[in-house]
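Remarks on the structure that follows.
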Amino acid sequence: MYQMMDEGKKIFPNEGVTELHDYIERIKHSVTFSMDELHEVYEDDGVKKALFPTFDTLKTALIGYATSDGMISIQNKPIEYDVPQKLLDTVNSHYDGKICWKRSVV
């Protein structure tokens with residue numbers, strides 16, 4: 001089974017996670033999101049539509065919501081994490097030419 005699943009990569013492709021740990025932690029604790037990110041989450045069924053029937057109801061509920069990491073805010077411009085290109089190239093090299101990580105997360 002392990003071999004059939006491409007040595008587990010089809011289930012959990014985590015190459016590069018160690019190298020990106022600091023950036024992943026920053027993302028995990030982010031409280032500022034881009035409008036495009038919020039739209040993408042909403043459109044990709046990442047939100048229960050029974051709770052938030054429209055995009056605007058979700059946005060209104062999130063803006064100013066207090067978390068342990070701070071108040072949530074939504075901005076129009078993309079969020080940039082400034083990951084060095086060499087590190088991105090190293091991580092992406094594990095994924096058979098597919099670009100998994102980009103310099104800015106939109």
For Thr60, side-chain contact (heavy atoms from CB on, under 4.5 Å) partners two or more places apart
none
What distance do Glu43 atom CD and Asp36 atom CG have between them, rounded to the nearest 0.5 Å?
11.5 Å
Sequence neighbours excluded, which residues qualify as ring-ring contact (aromatic ring centres under 6.0 Å, His included) partners of His29?
none
Other ILVMFWY residues reachable from Met71 by side-chain steps of under 4.5 Å:
none
Could you list who else is in Met35's hydrophobic cluster, with ILVMFWY side chains joined at under 4.5 Å, directly or through other members?
Phe33, Leu38, Val41, Tyr42, Val47, Leu51, Phe52, Phe55, Leu58, Leu62, Ile63, Tyr65, Ile72, Ile74
Kindly compute the distance separating CD1 (Ile79) from CZ (Arg26), expressed to the nearest 0.5 Å.
11.0 Å
Got a sec: does the CG of Asp69 have more than 12 other heavy atoms crowding it under 6.0 Å?
yes
Who are the side-chain contact (heavy atoms from CB on, under 4.5 Å) partners of Asp56, not counting sequence neighbours?
Thr54, Lys59
Taken to the nearest 0.5 Å, the spacing of His39 NE2 from Asp44 CG works out to 12.5 Å
Non-hydrogen atoms of Pro78 and Ser34 that approach each other most closely:
CA-CB, 4.1 Å
Qualifying residues under side chain to side chain donor-acceptor pair (under 3.5 Å), relative to Lys28, sequence neighbours excluded:
Glu25
